[in-house]
Chemist: 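Sharing a structure, written as structure tokens. Questions coming.
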Amino acid sequence: MMTRFDQISVMVVEDHAFQRKIALRLLDAIGVERVLEAADGEQALRILEAAPAPPDVLLVDLDLPQMDGIELIGHVASRRLARAVVVLSALEPALLNTVQTMARASGLRVLGVLEKPLTATKLAEVLALLQNGAAESRAEEPLDVSESTLAEALELDEFEPWFQPQVAFDSGLVTGAEALTRWLRRDQVIAPDRFVPLIERSGLIDSFTERVLARACAWRRRWAQQGLELQLSVNISMLNLASVDAADRYQAIVLEAGMKPRDVVLELTESAVIGETAHTLNVLARLRLKGFGLSIDDFGTGYSSLAQLAQLPVTELKVDRGFVSGAPSQPRQRAVVEASLELARKLGLSTTAEGVETVEEWQMLADLGCDYAQGALIDMPVPGAALPERIRAWHRPGQAL
Ligand code: C2E
Ligand code: CA
Ligand code: CA
């Protein structure tokens, strides 16, 4: 084995003292020098939170007492407490798939799944993946797919909205969720930045948006049956505003799902609404009339003036995560956040901050009077089936677990 492991750090989370010892010995044997260990999930989180830097790899047994490995991976993923995970388990593949999907959604790499007993060869093979980074670079390549592949994916319902919770600052409760679509293609989970532009170019964007809206509504209905009433946010493309009957079609979809337009907020990027034409304004006004909420996404990245904003029939402003993350220690960023919130207040709009990753950011936004928070501090997007459970696990900062 040519790979050098002396530069990487690994944390082993395993409840059996003997098995933990074996794992540590094997890591030592293949040359891994920086090692942390924990006997359960809570101890692991405490150590990770206190660590000066996240370890490269979390080697975690799924079957742990109290907090199980899946829950632990969820916390590690949403709080970015490690760069990658290796799962140790004897569990069935379907469950492992869920773990992988969950972790990937949060930007955590799953290097692999190792069945016990561990061996030096298995460990070395899986850790070598970290160093060649092959999986990662492939994920960045632009997709090369034809229009017919996209049409087929639509037909096969391969586009699946995942959901990121939105929390009200005043109550600390999850009040809504934003649908963020993934393309589930064979065993891959493809991020929207890689395929939405292709769909926009292909002329399929109207059917795509309607499909996503319908599926998101179906999920919301299922959560409602479990007693969870959430406001739903759905992203729409500026191209969707070109069709005259968009408002009627969206209304029909929402009513069909047993919801009302006022349960749904449509998010549009700032640049889309600012380059507005009389036609765009007309469609926006009709959506508003039917009761849909309208949100300006990525606020701060465009160049809208107060005068332009004031004439748009919008109800919400979302502060771009580029301004939110790091704002507590960056006076200029903080100023943009402050001014955006101030502007929204004057125009009577509600405010959501995107990309809230730390308790400091949360606190700053709460002090500045922001209404809602969305971001890794709370959770990254998760599949609809996982959302209720993830919401139950959420506690606002400062509140005891
Ligand atoms: P967006 O609407 O601005 O969504 C926010 C993005 O930031 C999401 O990326 C989300 O996963 C990510 N994010 C949220 N909180 C954090 C955080 O704390 N830290 C970091 N680093 N990232 C965070 P995602 O899901 O990859 O979506 C990217 C963009 O793709 C979206 O940006 C949206 O513009 C577009 N998109 C997603 N789904 C759809 C869709 O169904 N239709 C359309 N037209 N566009 C969509
Ligand atoms: Ca959005
Ligand atoms: Ca955004």
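Each ligand, and each atom within it, is numbered from 1 in the order the structure gives.
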Chemist: Just jot down the side chain to side chain contact (heavy atoms under 4.5 Å, CB included) partners of Arg262, sequence neighbours excluded, or say none.
Modeler: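 With neighbours one apart ignored, the set is Lys260.
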Chemist: Between the Ca ion (ligand 2) and Asp297, is there an N, O or S atom separated by less than 3.0 Å?
Modeler: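 An N, O or S atom of Asp297 is closer than 3.0 Å to the Ca ion (ligand 2), so yes.
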Chemist: Heavy-atom distances under 4.0 Å decide this one: backbone, side chain, both or neither, for Arg321 against ligand 1?
Modeler: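 Within the 4.0 Å criterion, Arg321 contacts ligand 1 through side-chain atoms alone.
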Chemist: For ligand 1, which atoms, with element, lie under 4.0 Å from some heavy atom of Val212?
Modeler: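 Near Val212, meaning under 4.0 Å from one of its heavy atoms, ligand 1 has 41 (O).
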Chemist: Could you confirm whether Asp298 has any N/O/S atom lying under 3.0 Å from the Ca ion (ligand 2)?
Modeler: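 For Asp298, the answer is no, given that no N, O or S atom comes within less than 3.0 Å of the Ca ion (ligand 2).
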Chemist: Looking only at heavy atoms, which two atoms of Ala23 and Leu118 are closest? And how far apart?
Modeler: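 The pair with the smallest heavy-atom distance is CB-CD1, 3.8 Å.
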Chemist: Just give me the atom name: the N, O or S atom of Glu178 closest to the Ca ion (ligand 2).
Modeler: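 So the atom name we want here is OE2.
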Chemist: Heavy-atom distances under 4.0 Å are what count here, so tell me which part of Asp298 touches ligand 1: side chain, backbone, both or neither.
Modeler: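 Looking at Asp298 and ligand 1, just side chain atoms fall under 4.0 Å.
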Chemist: Would you mind listing which atoms of ligand 1 come within a distance below 4.0 Å of any non-hydrogen atom of Phe208?
Modeler: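 Answer for ligand 1: 40 (C), 41 (O), 42 (N).
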Chemist: Mind checking whether the Ca ion (ligand 2) has an N, O or S of Asn235 under 3.0 Å?
Modeler: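 Yes, Asn235 qualifies, because one of its backbone or side-chain N, O or S atoms lies under 3.0 Å.
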Chemist: Does a donor on one side chain sit under 3.5 Å from an acceptor on the other, for Asp371 and Thr351?
Modeler: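 Distance-only check passes for Asp371 and Thr351.
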Chemist: Would you check whether Gln374 has a nitrogen or oxygen atom less than 3.5 angstrom from a nitrogen or oxygen atom of ligand 1?
Modeler: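 The answer is no, given that Gln374 and ligand 1 share no N or O pair closer than 3.5 Å.
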Chemist: What closest approach, in Å, do Ser9 and Asp56 show between heavy atoms, and which atom pair accounts for it?
Modeler: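 Nearest pair, atom of Ser9 first, then Asp56: N-OD2, 2.8 Å.
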Chemist: Is Asp297 close to ligand 1, meaning an N/O of one under 3.5 Å from an N/O of the other?
Modeler: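 So ligand 1 has an N or O lying under 3.5 Å from an N or O of Asp297.
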Chemist: Work out whether the distance between some heavy atom of Glu178 and some atom of ligand 1 is less than 4.0 Å.
Modeler: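 Yes, Glu178 has a heavy atom closer than 4.0 Å to ligand 1.
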Chemist: Check whether any heavy atom of Lys318 sits under 4.0 Å from an atom of ligand 1.
Modeler: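 No, Lys318 has no heavy atom closer than 4.0 Å to ligand 1.
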Chemist: In terms of atom number and element, which parts of ligand 1 are under 4.0 angstrom from non-hydrogen atoms of Gly375?
Modeler: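 Counting atoms of ligand 1 from 1, those under 4.0 Å from Gly375 are 15 (N), 18 (O).
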Chemist: Classify the contact between Arg194 and ligand 1 as side chain, backbone, both or neither, using a heavy-atom distance cut-off of under 4.0 Å.
Modeler: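 It is neither part, as no heavy atom is under 4.0 Å.
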Chemist: Among residues at least two apart in sequence or on other chains, which ones pass salt bridge (charged side-chain N to carboxylate O under 4.0 Å, His left out) with Arg222?
Modeler: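 With neighbours one apart ignored, the set is empty.
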Chemist: Which ligand 1 atoms, with their elements, are less than 4.0 angstrom from a heavy-atom of Pro381?
Modeler: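 By the 4.0 Å cutoff, the relevant atoms are 11 (O).
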